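Please read the structure below before turning to the comments.
To find a chain, count down the sequence lines: A is the first, B the second, and so on, and within it residues start at 1. Fair warning: this is a prediction, and the values are worked out from it, not measured in the lab.
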Amino acid sequence: MQPLPLNVYQDHDTLTVAQLLLGCELVHESPDGPTAGIIVETEGYITGDPACHAYRRATQRNAAMFGPAGTLYVYQIYNHYNCINVVTGPEGVGEAVLIRALEPTEGIEQMALRRNEAFKTGFERYRNNTIDADTADGFRNLANGPGKLVIALGINRQTHNFASLTDKTGDTSSIFIRGPVLHDFEMVTTTRIGIKFGAELPYRYYIKGNRFVSKK
DNA sequence: TTCATGATCTTCT
DNA sequence: GAAGATCATGAAT
């Protein structure tokens with residue numbers, strides 16, 4: 001299946017893109033092999049939204065949000081986790097869709113390796129932690145949160161901030177979205193998670209009943 | 001230069 | 001359901 005074309009990202013408003021991405025598959029073709037998962041949960045961040053990183057002004061951190069639609073904004077949060085956003089809206093406008101959870105579909109072993117490696121090199125206190133992808137709990141735990149899915153797919157800010165989702169020329173580590181691979185699901189619209197301002201805005205979307213959604 | 005603050009994950013109760 | 005880990009970033013001084 002081919003990557004979603006550019007017009008999907010640039011011909012719709014941000015909140016529409018957030019809904020369109022549900023059921024599509026996020027793919028990372030890394031040197032370690034491909035890993036992929038179905039997007040089951042997203043949040044929109046738009047102009048005039050006090051929770052949006054671009055609410056105040058363009059800075060070094062949020063610069064990617066002001067880039068063209070169909071590129072990635074990767075930022076670091078809470079010390080050492082990363083989250084990924086799909087940039088939307090015209091160039092110069094800081095809007096994006098946060099990918100919050102994936103249902104793993106490809107490269108399950110590799111995802112478990114990366115998550116376990118993150119434990120080893122991360123906090124000292126997690127050094128003895130392991131995720132067994134063969135158990136139901138372990139499998140569910142691979143990418144059911146924005147920080148987790150970034151680790152599972154091997155995404156990092158240095159190589160993927162500003163990266164294009166539609167232009168795959170010459171990449172050794174390319175990311176794109178294809179699909180949709182899931183159809184006929186019910187979507188739930190609700191409020192966003194983990195924010196203080198704009199918490200009442202219903203910009204969060206997820207696939208009803210999907211067990212990989214980070215939080216109901 | 002200092003200071004407050006997280007779009008989180010994990011463990012423990 | 002609560003709290004700790006732990007530091008880059010942005011805004012104030």
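Neither side chain, A:T191 nor A:E200, offers a donor N or O lying under 3.5 Å from an acceptor on the other. In the model, A:S214 has a side-chain atom that pairs as donor or acceptor with a side-chain atom of A:R100 under 3.5 Å.
Considering only side-chain N and O atoms, A:R61 lies nowhere under 4.0 angstrom from the phosphate OP1 or OP2 of B:dT5. Between A:R157 and C:dA8, a side-chain N or O to OP1/OP2 separation shorter than 4.0 Å is absent. An OP1 or OP2 oxygen of C:dA11 is reached within less than 4.0 angstrom by a side-chain nitrogen or oxygen of A:R57.
No engagement by A:E43 is indicated, since no non-hydrogen atom pair under 4.0 Å with the nucleic acid exists. Counting any heavy atom pair closer than 4.0 Å across all strands shown, A:R204 reaches no nucleic acid atom. Within 4.0 Å of A:I77, counting heavy atoms only, lie sugar-phosphate atoms of the nucleic acid but no base atom.
Shown here are the side chain to side chain contact (heavy atoms under 4.5 Å, CB included) partners of A:A63, two or more places apart in sequence or in another chain: A:F162. For A:F197, the side chain to side chain contact (heavy atoms under 4.5 Å, CB included) partners two or more places apart in sequence, or in a different chain, are A:P50.
Distance CG (A:N82) to P (B:dG6): 18 Å, rounded to an integer number of Å. Here the C1' atom of nucleotide B:dT10 and the CG atom of A:N116 are 14 Å apart, to the nearest Å. One interatomic measurement links the two molecules: OH of A:Y78 to P of B:dT5, which rounds to 12 Å at whole-angstrom precision. Computed from coordinates, the A:N62 CG to C:dG10 P distance equals 7 Å when rounded to whole Å. Taking atom CG on A:D137 and atom P on B:dT11, their separation rounds to 12 Å, with Å as the unit. Nucleotide B:dC9 holds its P atom 11 Å from the NZ atom of A:K215, rounded to whole Å. Whole-Å rounding puts the A:Q76 CD to B:dT8 P distance at 13 Å.
Under a hydrophobic-cluster definition in which Ile, Leu, Val, Met, Phe, Trp and Tyr are linked whenever side-chain heavy atoms come within less than 4.5 Å, directly or via other members, A:F176 and A:L102 are assigned to different clusters.
Listed candidates were B:dA7, B:dT11, C:dT9. Nearest to the side chain of A:N129 is B:dT11. Nearest nucleotide to the A:P146 side chain, out of B:dG6, B:dT8, C:dA8: B:dT8. In the set C:dA11, B:dA7, B:dT10, B:dA7 carries the atom at the smallest distance from any side-chain atom of A:I195.
The base of B:dA7 sits with one of its N or O atoms less than 3.5 Å from a complementary donor or acceptor on the side chain of A:Y75. Interface remark: the A:H53 side chain does form a donor-acceptor pair with the B:dA7 base, using a distance-only criterion of under 3.5 Å.
Counting non-hydrogen atoms of other residues, nucleotides and ligands closer than 6.0 Å to CZ of A:R56 gives a total of 12 or fewer.
Each of A:F197 and A:K148 has a nearest nucleotide on DNA chain B; the 5'-most of these lies closest to A:F197. Summary of the strand contacts: A:N141 and A:M65 both lie near DNA chain B, and taking for each the nucleotide with the nearest heavy atom, the more 5' one is attributed to A:M65.
The aromatic ring centroids of A:F212 and A:F139 lie less than 6.0 Å from each other.
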Item to check | Structure string for DNA chain B in dot-bracket form, Watson-Crick and G-U at under 3.5 Å, | interchain | outcome: ||||||.|||||.
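Using a cut-off of 4.0 Å between Lys/Arg side-chain N and Asp/Glu carboxylate O, A:R178 and A:E106 are scored as salt-bridged.
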